[in-house]
Amino acid sequence: MLARVSNIEAYRQWKNWRPLFDGQEEPTVEDLVRFITVDEPSAAMRAGTAFHRAMELAQDGDHEEFEANGYRFILPDAELSVPAVREMRAYGTYGGLEVTGQVDAIHGKIVFDHKTTSKFDPERYLDGCQWKFYLDLFEADQFQWNIFLIKEEEPQVYRVAKPHVLKAYRYPGLRADCEALAADYLDFARVHLTPPAATNQNDLDAIRNHHLMAV
């Protein structure tokens, strides 16, 4: 079975639920299955996707604005170096589960990930599994988040704040932690998901070019 790192992280958050804001309802198992199997991005996710696309297309030099996917981003007066190697995908096998992830950028042994959010919550990222899987998949030693706070000023126009930089590092038990979580996710998937619904619609392009393992 093929699973995206983002889906494993969604499962981890569901299993270890804590609300991001007051009044947020706890998701059901049906909510999680729908997130994994149905491509229904929220408004915040669509803005984040557009920002990632703008960063991917950015050329060297000074920029006051980025535009992509019909969105415009007004940039802060800040310097940000974006590595030349961007949007690279990797696969790794963890027991009966094949895991795939795509980095925003990579340079040497450092993986870079760009996030957009309305609130900076470092524990939310450090507690997650994305950085652990990415360090393992890409054989890297350091994971760096560039976390951009964005605010919508008018429809599809966002002002971007200077990024918060957050880092995490490889540790001796990282591979074992990834294997344990992958096995836990696979147990869940065998009960609640069936191929090809076991992966999000967004991964169909990857599946067409890669072997889809059977449970």
Side-chain angles (χ1 to χ4, degrees), residues 2-10 12 41 45 47-63 66-69 73 75-76 78-94 97-117 120-150 160-179 181-182 185 199-200 202-211:
L2 180 67
R4 298 169 63 190
V5 172
S6 58
N7 289 341
I8 299 175
E9 172 59 14
R12 187 202 66 82
M45 292 171 66
T49 297
F51 186 79
H52 276 77
R53 180 62 174 165
M55 292 285 285
E56 178 188 356
L57 297 174
Q59 302 296 318
D60 292 339
D62 296 330
H63 301 274
F66 281 155
E67 290 190 17
N69 299 357
F73 300 95
L75 302 178
E79 182 176 343
L80 178 65
S81 177
V82 180
V85 180
R86 308 174 194 175
E87 302 296 330
M88 178 181 291
R89 181 172 291 279
Y91 296 85
T93 301
Y94 300 83
L97 186 70
E98 189 157 17
V99 177
T100 182
Q102 181 169 296
V103 296
D104 291 336
I106 189 168
H107 179 72
K109 292 287 188 176
I110 305 175
V111 168
F112 296 85
D113 190 59
H114 310 308
K115 296 293 189 186
T116 56
T117 183
F120 179 56
D121 181 3
E123 290 186 4
R124 173 186 171 194
Y125 302 102
L126 293 171
D127 288 345
C129 70
Q130 180 198 26
W131 66 273
K132 299 175 184 179
F133 275 103
Y134 277 27
L135 290 186
D136 194 53
L137 288 169
F138 290 91
E139 300 181 353
D141 295 326
Q142 178 181 317
F143 190 99
Q144 177 174 316
W145 291 271
N146 297 315
I147 304 171
F148 297 86
L149 272 65
I150 63 173
V160 182
K162 182 178 179 180
H164 294 273
V165 175
L166 185 65
K167 299 178 182 180
Y169 300 89
R170 175 180 290 276
Y171 58 90
L174 182 142
R175 170 74 186 187
D177 287 346
C178 291
E179 289 175 339
L181 185 54
Y185 177 88
T199 190
N200 189 284
N202 286 338
D203 260 346
L204 288 179
D205 58 338
I207 292 171
R208 292 190 186 102
N209 296 302
H210 197 272
H211 176 58

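Treat the numbers as computed from the prediction; the structure is a model and nothing was measured. When a residue number appears, it is its place in the shown sequence, counting from 1. Just so it is clear, the values below take in all heavy atoms, side chains as well, and ignore hydrogens, waters and symmetry mates.
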What is the minimum heavy-atom distance between [X] and [Y], and which atoms define it?
| X | Y | answer |
| --- | --- | --- |
| A140 | V111 | CB-CG2, 3.8 Å |
| C129 | R12 | N-NE, 3.9 Å |
| Q130 | E9 | N-OE1, 4.3 Å |
| H52 | H114 | NE2-O, 2.6 Å |
| A47 | I150 | CB-CD1, 4.5 Å |

Does the plane of the ring in F120 sit parallel, tilted or perpendicular to the ring in H164? Use 30° and 60° as the thresholds.
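Plane angle under 30°, so parallel.
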
Report the relative orientation of the aromatic rings in W131 and W145; use parallel for angles under 30°, tilted for 30 to 60°, perpendicular for over 60°.
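Taking W145 first and then W131, their aromatic rings stand perpendicular (interplane angle over 60°).
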
Got Y185 and V99 here, is their nearest side-chain heavy-atom distance under 4.5 Å?
no

Given Y125 and D113, is the side-chain hydrogen bond (donor to acceptor under 3.5 Å, both in side chains) satisfied, shown in steps?
CA-CA 11 Å; Y125 302 102; D113 190 59; over 6 Å; no

Scan T116, T117, D121 and name whichever one has a side chain to side chain contact (heavy atoms under 4.5 Å, CB included) with I147.
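Exactly one candidate clears the test, T117.
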
Please assess V160 against F51 for the test side-chain contact (heavy atoms from CB on, under 4.5 Å), listing each intermediate value before the final yes or no.
CA-CA 10 Å; V160 182; F51 186 79; 4.0 Å; yes

Taking the six-membered ring where the residue is Trp, are the ring centres of Y94 and F133 under 6.0 Å apart?
yes

Applying side chain to side chain contact (heavy atoms under 4.5 Å, CB included), name anything that partners R53, two or more places apart in sequence or on another chain.
E56, L57, A68, N69

